[in-house]
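Just so it is clear: chains get the letters A, B, ... in the order the sequence lines come, proteins before strands, and each one is counted from 1.
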Number of protein chains: 2
Amino acid sequence: MESRPVSIKDVADRAGVAVGTVSNVLNHPARVSSATRERVQSAIDHLGFVRNDAARQLRAGQSRTIGLIVLDVGNPFFSSLARAAEDCAAENGSTVVLGDSGQDLEREARYIDVFEQQRVQGMLISPVGDVGPRVEALRKRGMPVVLVDRVDAQRRCSSVSVDDVAGGYMAVRHLLAAGRRRIVFVGTKADFRQVADRLAGARQAVEEQDDAVLEVVEADAMTVLAGRDVGGAIARRAAGGLPDGIFCANDLLAIGVMQAVLLIRGLRIPEDLALIGYDDIDFSASTVVPLTSVRKPTELMGRTAVDLLLEEIEAPSSRRRQVIFDPELVERGSTTAAVRAVG
Amino acid sequence: MESRPVSIKDVADRAGVAVGTVSNVLNHPARVSSATRERVQSAIDHLGFVRNDAARQLRAGQSRTIGLIVLDVGNPFFSSLARAAEDCAAENGSTVVLGDSGQDLEREARYIDVFEQQRVQGMLISPVGDVGPRVEALRKRGMPVVLVDRVDAQRRCSSVSVDDVAGGYMAVRHLLAAGRRRIVFVGTKADFRQVADRLAGARQAVEEQDDAVLEVVEADAMTVLAGRDVGGAIARRAAGGLPDGIFCANDLLAIGVMQAVLLIRGLRIPEDLALIGYDDIDFSASTVVPLTSVRKPTELMGRTAVDLLLEEIEAPSSRRRQVIFDPELVERGSTTAAVRAVG
DNA sequence: CCGCACCTTTGAATCGTTTCATTGGTACGT
DNA sequence: ACGTACCAATGAAACGATTCAAAGGTGCGG
């Protein structure tokens, strides 16, 4: 019942040709007469022959596969980046295989090993913690690596990332442009570079505007619940202490703040209070008042990462490049009175 | 500069042993004297040798890799299923590689081809549209396949899925147990089997309760916005026409309904109206009133899928099994008065 | 001192594909 | 009729790891 797998040899026998001819049909059809080609093709179809990629690679010394290791496939940023990378790779005849490190160093190491043993053309890595040693070792063995959402301080490999300082600046500029002057920044203790950068950008924007003031409020976490606590505290302030614009370090915080200020004090958004988040998660378009947010150019980052990698594969000695994208402002009802919701 | 890749031969030369010995160090360390083992190991470390998986597989005829093709990596259901599958595979010495079909037949086909050429041990597929022909072809060539979130009507392969009828029943039973009798089911035109099943379960529960009535309201889509429209229409009804319990075919619809009824009519949830969703997306814990929902046992499904696949790999002629899980009710404030939100 | 058992190491054969130098044929010009 | 050119097809070598029968070495009992 279970016949052993069909090889190119079996196809050759059935078609009455040499193995080299079958290989030519597969890889250089033009070299083969059409009569032979058809005969071989029908043998292939009849036997259900499937190329053995292992043998192919062994001979070629290289695969047509790119390994992508992300911190969390569940994170929309990474899933849509992965999608874009796949598309871009497909256009270039390569395939992306995805590994999910789940922010775990050990899992990350496992995937790096697996991919290296599979002799992938190169890897796109969104690294956990310190990149240094592991990437160093990879590069020493000639494996092209491009970092994603992280720059390599030592410039040993190319990278694609986002300028969060610019994002923070952009967000607060937008509030200022709408005439807001008493701005609150909501974030966590700036453990994370990302949060610190966004705050730095916010500061910069406020400093450029003479009559504007920035107040920093610390949340316990980057969650809706933590946002609700912060929002509740703000909503209960005396009328004079109320801000007229709030910039939250991510959308979840912003959503929590929105829930609290709408329900506790019945403030109007954006009339009394303009609100802006960061990341533009899917849900932000569907909040009671649709949330203005700052979006990373995810698709572009995915495609660019693949491009940089392919570039390095073709010219291994080419210069490494750190591509830093500016994020993009997505205007919705929470800052722009024109758009109101609930039909 | 760029030296060609290091092979087992290079290691053997440097350690002054035969290639077979190096292979033994890698695969059967016990067969090798410890002196030799150390010498070989240090040669490996010094040269930075990395096994060539292609050669290994070619010889072995099989890989230690499982292919997983999902409809959408961005969907939390699939990403957490993938995570669980990876863990379970790792415990059994295999690695999962992930392909995202994006609900596209062509992409699905591409991944199936790639995985087959890579001679994966087997595949877990959450199929787009009709499974029949493609899976049939795979199985004919002896490739183990387990379907995920879909049963094979013809029982040709094993599968793991969820009983949505039971889920619908469970949801409405929960509403009835809380004393609700005028129940509304919100869903789309029952194109999708899932929605139809959930409704069937809901019907069954209502029929078992003499004094309960079920009304079906059709939404335009399974989105927050569509839910808001439906919720708005319901909220504007005369007091006599109001339901006291609403079961939505997914959480997005339920969130939309919640937004509308809270804001338009100021109904109290759950006192005036109990609300229950389906899928238990992350966000449901963070809505203004936390949403009760029905959750698929995602991790369990991922692990079971891998188990079924490994079982089939070890005993190819074993009987195929259709494993159908019951979903799980996650009680939150939208049906249980005890829990209220907004601090 | 020989034979035997046991352990370590060896090296050739093998997996399936691609490549490429070579062969066999055909057509054409001289 | 012969040489040349070209096209199609051939088949052996190569890729790198694993396997396994065989060889080499050591120690022990008789």
Side-chain angles (χ1 to χ4, degrees), chain A residues 3-41 43-44 47-65 93 113-114 116-120 141-142, chain B residues 3-41 43-44 47-65 113-114 116-121 141-142:
Chain A
S3 54
R4 58 158 188 60
V6 180
S7 82
I8 214 175
K9 178 88 182 352
D10 303 318
V11 174
D13 288 349
R14 174 163 235 272
V17 299
V19 291
T21 304
V22 177
S23 175
N24 279 332
V25 170
L26 263 36
N27 303 298
H28 310 277
R31 288 189 198 161
V32 182
S33 72
S34 62
T36 310
R37 205 182 327 163
E38 277 169 35
R39 205 143 35 85
V40 170
Q41 191 57 55
I44 288 176
L47 296 172
F49 166 73
V50 176
R51 253 209 198 75
N52 185 326
D53 204 44
R56 186 180 170 67
Q57 268 188 55
L58 174 56
R59 182 62 232 244
Q62 221 215 195
S63 69
R64 298 295 301 171
T65 298
D113 287 347
V114 168
E116 199 178 5
Q117 292 180 15
Q118 289 181 351
R119 300 288 192 272
V120 295
R141 298 187 214 106
Chain B
S3 54
R4 61 157 186 59
V6 180
S7 82
I8 212 174
K9 177 93 184 351
D10 302 319
V11 174
D13 289 350
R14 173 163 236 273
V17 298
V19 291
T21 304
V22 178
S23 174
N24 279 333
V25 170
L26 263 36
N27 303 296
H28 310 277
R31 289 190 197 160
V32 182
S33 72
S34 61
T36 310
R37 205 183 324 156
E38 277 169 35
R39 203 143 36 85
V40 170
Q41 192 57 55
I44 288 177
L47 296 172
F49 166 73
V50 175
R51 255 211 197 71
N52 184 327
D53 204 45
R56 186 181 170 65
Q57 266 187 56
L58 174 57
R59 182 64 232 252
Q62 222 213 192
S63 69
R64 296 296 300 172
T65 299
D113 286 348
V114 169
E116 200 178 3
Q117 291 180 15
Q118 289 182 351
R119 298 290 191 272
V120 295
Q121 299 177 274
R141 298 188 214 107

Practice prompt. Would you name the heavy atoms of B:Val50 and A:Gln117 that are closest together and state the gap between them?
Written response: CG1-CG, 3.8 Å

Worksheet entry | Value in whole Å for how far the C1' atom of C:dG16 lies from CG of A:Asn27 | 13 Å

Item to complete: Only counting residues at least two apart or in another chain, list the ones meeting salt bridge (charged side-chain N to carboxylate O under 4.0 Å, His left out) with B:Asp113.
Response: none

Item to complete: Give every residue pair that meets the salt bridge (charged side-chain N to carboxylate O under 4.0 Å, His left out) criterion with at least one member in residues 23-38 of chain B, sequence neighbours excluded.
Response: none

Item to complete: Ignoring backbone atoms, test whether A:Thr21 places a side-chain nitrogen or oxygen under 4.0 Å from the OP1 or OP2 oxygen of D:dA9.
Response: no

Discussion item. Categorize A:Asp53 for me: base, sugar-phosphate, or nothing, with a 4.0 angstrom heavy-atom threshold over every strand shown.
Written reply: nothing

Which atoms of nucleotides 13-15 of chain D (N or O only) lie under 3.5 Å from a protein N or O atom, and what are those distances?
from	atom 1	to	atom 2	distance (Å)
D:dA14	N3	A:Arg59	NH1	3.4

Worksheet item: Hey, does A:Val22 reach any base, or is it just sugar-phosphate, or nothing, if we go heavy atoms under 4.0 Å?
Response: nothing

Fill in: Integer-rounded Å distance: D:dT18 P and B:Lys9 NZ
16 Å

Discussion item. I want to check one thing: is the phosphate of C:dT8, taken as OP1 and OP2, less than 4.0 Å away from some side-chain N or O of B:Ser33?
Written reply: no

Response to the item:
Of the candidates C:dT17, C:dG11, D:dT18, the side chain of B:Arg51 sits closest to D:dT18

Worksheet item: How would you list, by chain and number, every residue that makes a side chain to side chain donor-acceptor pair (under 3.5 Å) with A:Ser63, sequence neighbours excluded?
Response: none

Worksheet item: For B:Arg37 and B:Arg119, take the nucleotide of DNA chain C holding the closest heavy atom to each; which residue's nucleotide lies nearer the 5' end?
Response: B:Arg37

Worksheet item: Taking only residues two or more places apart in sequence, or in another chain, which ones meet A:Arg39 in a side chain to side chain donor-acceptor pair (under 3.5 Å)?
Response: none

Item to complete: Measure the distance from CG on B:Leu26 to C1' on D:dT19 and round it to the nearest whole Å.
Response: 14 Å

Using nucleotides 20-25 of chain C, report all nitrogen or oxygen pairs with the protein that are shorter than 3.5 Å.
none

Practice prompt. Indicate, with a heavy-atom threshold strictly under 4.0 Å, whether A:Ser23 touches base, sugar-phosphate, or nothing.
Written response: base

Worksheet item: For B:Asn52, what residues pass the side chain to side chain donor-acceptor pair (under 3.5 Å) criterion, not counting sequence neighbours?
Response: none

Response to the item:
Sorted by chain and residue number, the side-chain contact (heavy atoms from CB on, under 4.5 Å) partners of B:Gln41 (sequence neighbours excluded) come out as B:Val25, B:Ile44, B:Asp45

Response to the item:
The bend of the helix from C:dC1-D:dG30 to C:dT30-D:dA1, taken between the axes of its five terminal pairs at each end and rounded to 10°, is 60°

Item to complete: With A:Val40 as reference, evaluate A:Val22, A:Asn24, A:Leu26 under the side-chain contact (heavy atoms from CB on, under 4.5 Å) test and give the passing residue.
Response: A:Val22

Worksheet entry | Results of side-chain contact (heavy atoms from CB on, under 4.5 Å) for A:Arg64 - residues two or more places apart only | A:Ser94, A:Gln121

Worksheet item: Roughly how far, to the nearest 0.5 Å, is CG of B:Leu47 from CZ of A:Arg141?
Response: 11.0 Å

Fill in: Rounded distance (Å) that lies between atom P of C:dT17 and atom CZ of B:Arg56
20 Å

Worksheet item: By side chain to side chain donor-acceptor pair (under 3.5 Å), which residues pair with B:Gln118, not counting sequence neighbours?
Response: none

Item to complete: Would you please name every residue forming a side-chain contact (heavy atoms from CB on, under 4.5 Å) with A:Asp13, sequence neighbours left out?
Response: A:Lys9

Worksheet item: D:dT19 phosphate, OP1 or OP2: any side-chain N/O from B:His28 under 4.0 angstrom?
Response: yes

